[in-house]
Number of protein chains: 2
Amino acid sequence: MAEELRTLVERLKAVSHPLRLRVLSLLELGELCNCQIAETLQVPASSVSEALRELRRAGFVAERKDGRWVFMSLVSRELASPFLKGLLEEAAAVPELQQDRARAQAVKALAIPVVCSKVQRDAPIAREASHV
Amino acid sequence: MAEELRTLVERLKAVSHPLRLRVLSLLELGELCNCQIAETLQVPASSVSEALRELRRAGFVAERKDGRWVFMSLVSRELASPFLKGLLEEAAAVPELQQDRARAQAVKALAIPVVCSKVQRDAPIAREASHV
DNA sequence: AGTATATATCGGAAATTATCGAAATATCAT
DNA sequence: ATGATATTTCGATAATTTCCGATATATACT
């Protein structure tokens, strides 16, 4: 398979996943660290880390390290590919993603160490169905 | 998972696949029947049929039956979602997809029964790697 | 140095998806 | 009706993906 076709498919796969799409949508609010996302979505920090890795590989997300924390943000709208722009436009209208962003706003209002220690402390998440 | 999030993910999955993306891209040329696509891409007709089913389920493709043939076409640009528009814009620039479309032009120049009987007659396809 | 904490990676079981030939269905042509 | 042909569905296997706890790594704080 040609390199560029493969790359396009990989970028599409990166967002064809509920958790990764939820993470992408959260980053519309501006940069967030791993633990803020984990707390907002109530999923294990390792799952968030993996989701972010894929989104980075796909070129949708940039990272900025600051001490212990790694802040992730969407690539700028000018650099965003046409389909990413279209996707974000559609994501903005999805109710569950809107709810996620509302919860993230509340999480952002807290100090980061408070949020992170809370995540560490959390008991394993009960799963509603197979695959988040 | 919320219904609308699930639906968006399903639509993304539908195009996160080399064969389905190639089929979608071919339909930029206008409507094509199953066997024209199978001949153009040199893949089994049943694989094309399955790809088209997913693209239809995702709402990207419409069908028009005419006797034995089922012609598939892209939904109109006005009905196309922002994401689909962006994707088609990117697909237009991918070399392998451009080559596919060039081959499809040649196939379209032939009478359909000629193309279809050729597809039926074809020996099984040698696979270059796992997953097309 | 030693402890705490944030993130990343690993391992591997479970779920999902991909693939294509074979069989089924639907329509056309005689 | 019979046979031909276009498309779809089925069945089964192989490949991939998902998921999360455990472990590793990296930085901060004392």
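We name chains A, B, ... by the order of the sequence lines, and we start the count at 1 in each one.
Between the CD atom of B:E39 and the C1' atom of D:dT5 there is a distance of 16 Å, given to the nearest Å. Across the protein-nucleic acid pair, B:Q42 atom CD and C:dC20 atom C1' stand 15 Å apart, rounded to whole Å. With rounding to whole Å, B:M72 atom CE is found 15 Å from D:dA6 atom P. Residue A:H17 contributes atom NE2, which lies 12 Å from atom P of C:dT16 at whole-angstrom precision. Taking atom CZ of residue B:R22 and atom P of nucleotide C:dA18, one finds them 15 Å apart after rounding to whole Å. Per the geometry, CG belonging to A:N34 stands 18 Å off P belonging to D:dT25, to the nearest Å. What separates CG of B:L21 from P of C:dT17 is a distance of 18 Å, to the nearest Å. Computed from coordinates, the A:E31 CD to C:dT7 C1' distance equals 16 Å when rounded to whole Å.
The nucleotide whose nearest atom lies closest to any side-chain atom of A:S46 is, among D:dC20, D:dT18, C:dA18, D:dC20.
Side chain to side chain, A:S73 and A:R64 fail the donor-acceptor criterion of an N or O pair below 3.5 Å. A donor and an acceptor atom, one from each side chain of B:S81 and B:R11, are located under 3.5 Å apart.
Judged purely by atom type and a 3.5 angstrom limit, B:S49 has no side-chain atom pairing as donor or acceptor with the backbone of B:A45. Checked by atom type and distance alone, the side chain of B:K108 never pairs as donor or acceptor with a backbone atom of B:Q36 at under 3.5 Å.
With salt bridges taken as basic N to acidic carboxylate O contacts below 4.0 Å, none links B:R20 and B:E50. Between B:E28 and B:R101 there is no salt bridge, since no side-chain N of the basic residue sits under 4.0 Å from a carboxylate O of the acidic one.
Within the 4.5 Å cutoff, the side chain of A:L24 has heavy atoms near those of the A:L84 side chain.
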Enumerate all atom pairs, one protein N or O and one N or O from nucleotides 23-30 of chain C, separated by less than 3.5 Å.
residue	atom	partner	partner atom	Å
C:dC28	O3'	B:R68	NH2	3.4

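Of the side-chain N and O atoms in B:S47, one or more sit less than 4.0 angstrom from OP1 or OP2 of C:dC20.
For CZ of A:R57, the number of neighbouring non-hydrogen atoms (other residues, nucleotides, ligands) closer than 6.0 Å is 12 at most.
Of all the residues in residues 49-64 of chain B, B:S49, B:E50, B:R53, B:R56 reach under 4.0 Å from DNA chain D with at least one non-hydrogen atom.
The aromatic rings of A:F83 and B:F83 stand perpendicular to each other, their planes meeting at an angle above 60°, with 30° marking the opposite boundary.
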